[in-house]
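A short write-up of the structure that comes next.
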Amino acid sequence: MREDIPGRLGLPLIGETFSFLSATNSTRGCYDFVRLRRLWHGRWFKTRLFGKIHIFIPNPEGARTIFANDFDLFNKGYVKSMADAVGKKSLLCVPVENHKRIRRLLSEPFSMTSLSAFITKFDKMLCGRLQKLEEKGKSFKVLDFSMKMTFDAMCDMLMSITEDSLLRQIEKDCTAVSDAMLSFPVMIPGTRYYKGIMGRKRLMETFRDIIVRRRTGEESPGDFLQSMLQRDSFPDSEKLDDSEIMDNLLTLIIAGQTTTAAAMMWSVKFLHDNRDAQDILRDEQLSLAKIKPEGASLNHEDINNMLYGLKVVKETLRMSNVLLWFPRVALNDCTIEGYEIKKGWHVNIDATCIHYDSDLFKDPLKFNPQRFDEMQKPYSFIPFGSGPRTCLGMNMAKVTMLVFLHRLTSCYT
Ligand code: HEM
């Protein structure tokens with residue numbers, strides 16, 4: 001057994017919460033809190049936030065221990081506001097026995113082969129919007145553009161919603177739900193929690209109406225929702241009930257929109273700052289464009305041929321760390337890398353620390369897609385997590401980014 005994990009716990013309830021909140025609400029961002037403590041205490045450190053002891057896990061070995069024992073020794077902590085906002089049947093909140101079944105049933109439409117139709121649809125939508133922007137000739141914020149694009153594309157893929165006013169209402173309500181997920185759960189008008197719960201209510205009504213229309217045969221498009229409803233006559237173990245479908249529709253939108261949009265934005269920033277990588281990417285994408293008939297949309301095969309593009313995507317995900325760390329709670333006393341962890345402690349897999357470790361990634365501050373020519377050490381590249389909770393939408397996120405990079409580099413300089 002190693003010696004105690006260094007760090008400061010401070011007062012029993014408050015601990016270092018104020019320093020954490022101060023970093024979070026400043027331009028430094030919440031990771032600055034972690035960075036400073038690493039400087040003071042070393043790679044492994046403990047702290048107390050909101051009354052709970054937190055350990056930040058800095059290496060692939062520690063990450064492996066947690067991912068490999070997810071649900072057995074560790075689980076996501078139960079957060080009441082999250083379960084109220086996104087729904088108790090959401091993948092993010094259900095207990096292990098339901099998680100397995102729900103995840104299995106949700107997964108198929110997100111497999112690489114099922115995403116073929118999405119690739120072509122997303123490409124058409126993207127080209128149309130880029131063209132409109134070009135015609136206007138005005139500059140625009142990449143993040144605003146990517147947020148709207150990913151949101152609209154996901155609602156189309158999930159439920160075939162394309163009407164702009166409905167999309168904007170759903171987006172507003174999803175943002176309210178997302179804001180409420182980590183808020184203080186009191187139903188007082190004007191609070192983030194209250195707004196989130198009201199937003200959720202409207203969303204559930206909208207989803208319910210769509211499901212009713214599908215069941216009466218008024219509409220039956222080939223989308224994610226339809227693939228879930230086609231299982232209506234299956235045994236219980238092979239289908240999702242309506243509340244499971246609706247909670248997870250909401251979960252998928254919330255888990256997929258900001259993450260993918262942020263990664264798209266970061267890819268633009270990194271390519272802007274690294275002209276060499278941009279040139280190599282452009283050459284690859286232009287040679288792909290050259291062999292396609294004019295005006296043809298991208299397909300699955302094109303995506304498979306974007307070898308350098310995929311490395312750009314990976315390097316963007318390594319450096320941007322869209323999700324900085326992945327939180328879990330220890331369900332029992334245990335050890336990680338020889339350190340003693342007590343039941344109830346929060347252990348955070350620090351993906352940012354791992355992705356910037358110079359022993360794992362040479363020259364980690366340099367944007368170098370070519371580093372992915374070499375195999376990575378297990379659990380050293382974990383932008384989508386690992387184990388039973390690996391990101392469900394990782395293929396969708398990757399193809400979305402590749403289509404975006406293709407149009408950006410082959411149509412614009
Ligand atoms: C670049 C974009 C994305 C990144 C970086 C990302 C990252 C992640 C990570 C790290 C996790 C695991 C968190 C943990 O272990 O605690 C996760 C889970 C999840 N992601 Fe993503 N994600 C992205 C896009 C998407 C998309 C597009 C969707 C869906 C359309 C999605 C749906 C989910 C869901 C449902 C989970 C929970 C899985 C479970 O608990 O079983 N994500 N994501």
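Small disclaimer: the values here were computed from a predicted structure and weren't measured. All ligand and atom numbering here is 1-based and tracks the order in the structure.
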*asked:* If we set the cut-off at 4.0 Å for heavy atoms, which region of Asn248 has an atom near ligand 1: side chain, backbone, both, or neither?
replied: neither
*Ignoring hydrogens and geometry, is there a side-chain-to-backbone donor-acceptor pair from Asp357 to Asp359 under 3.5 Å?*
yes
*Answer yes or no on whether Arg407 is positioned over the face of Phe404, meaning its NZ or CZ is under 6.0 Å from the six-membered ring centre and within 45° of the axis.*
no
*asked:* Please list, in number order, the atoms of ligand 1 under 4.0 Å from a heavy atom of His99.
replied: 39 (C), 40 (O), 41 (O)
*Parallel under 30°, tilted from 30 to 60°, perpendicular over 60°: which one fits the rings of Tyr339 and Trp44?*
tilted
*asked:* Can you report which non-hydrogen protein atom sits closest to atom 37 (C) of ligand 1, along with the distance?
replied: Leu92 CD2, 3.8 Å
*Any idea how His355 and Phe361 line up, ring-wise: parallel (<30°), tilted (30 to 60°), or perpendicular (>60°)?*
perpendicular
*Which protein non-hydrogen atom lies closest to atom 36 (C) of ligand 1, naming both residue and atom, and how far is it?*
Leu392 N, 4.1 Å
*Which heavy atom of the protein is the closest neighbour of atom 13 (C) of ligand 1, given with residue, atom name and distance?*
Lys76 NZ, 4.2 Å
*asked:* Checking a contact table here: which protein heavy atom is nearest atom 40 (O) of ligand 1, and how many Å away?
replied: Arg389 NH1, 3.1 Å
*With heavy atoms of Gly385 as the reference, note each atom of ligand 1 found under 4.0 Å away.*
10 (C)
*Salt bridge check: are Arg231 and Glu108 linked by an N-O gap of less than 4.0 Å?*
no
*Do the two ring centres, one from Phe381 and one from Phe372, sit under 6.0 Å apart?*
yes
*Kindly identify the option in Arg328, Lys398, Met396 whose heavy atom sits closest to atom 14 (C) of ligand 1.*
Arg328
_Taking atom 38 (C) of ligand 1 as the reference point, the nearest protein heavy atom with its distance_ = Arg103 NH1, 3.4 Å
*Can you figure out which of Gly256, Pro109, Ala397, Ser90 has its heavy atom closest to atom 2 (C) of ligand 1?*
Ala397
*Under a 4.0 Å heavy-atom limit, does Ile382 contact ligand 1 with its side chain, its backbone, both, or neither?*
neither
*Do you see a donor-acceptor pair shorter than 3.5 Å between the side chains of Thr47 and Glu16?*
yes
*asked:* Does ligand 1 come near enough to Thr390 that some N or O of the ligand is less than 3.5 Å from an N or O of the residue?
replied: no
*Select the closest option to atom 30 (C) of ligand 1 among Phe67, Trp266, Phe110, judged by heavy-atom distance.*
Phe110
*Run the numbers for me: atoms of ligand 1, each under 4.0 Å from some heavy atom of Leu317, listed by number.*
1 (C)
*Just need the protein heavy atom nearest to atom 7 (C) of ligand 1, so name the residue and atom and give the distance.*
Pro383 O, 3.5 Å
*Asp164 with Arg168: basic N within carboxylate O range, under 4.0 Å*: yes
*asked:* One residue to check: Leu323. Relative to ligand 1, which of side chain, backbone, both or neither has a non-hydrogen atom less than 4.0 Å away?
replied: side chain
*What part of Met154, side chain from CB on, backbone N/CA/C/O, both or neither, has a heavy atom under 4.0 Å from ligand 1?*
side chain
_For Phe56 and Trp325, take the angle between the two ring planes, folded into 0 to 90°, and tell me which bin it lands in: parallel under 30, tilted 30 to 60, perpendicular over 60._
perpendicular
*Shortest protein heavy-atom distance from atom 24 (C) of ligand 1, along with the residue and atom involved*: Thr259 OG1, 3.4 Å
*For Leu91 and Asn248, work out which heavy atoms get closest and say how close.*
N-OD1, 2.9 Å
*Quick one: look up the protein heavy atom nearest atom 4 (C) of ligand 1 and list residue, atom name and how far away it is.*
Phe384 CE2, 3.6 Å
*Among Cys391, Ala255, Gly393, Ala262, closest by any non-hydrogen atom to atom 22 (N) of ligand 1*: Cys391
_Side chain Glu315, main chain Arg371, donor-acceptor under 3.5 Å_ = no
*Please answer whether the main-chain N or O of Arg28 pairs with a side-chain N or O of Asp32 as donor and acceptor at a distance below 3.5 Å.*
no
*Using a 4.0 Å heavy-atom cut-off, say whether Met401 meets ligand 1 through its side chain, its backbone, both or neither.*
neither
*Could you tell me whether a side-chain N or O of Asp302 sits under 3.5 Å from a main-chain N or O of Asn299, the two making a donor and an acceptor?*
yes
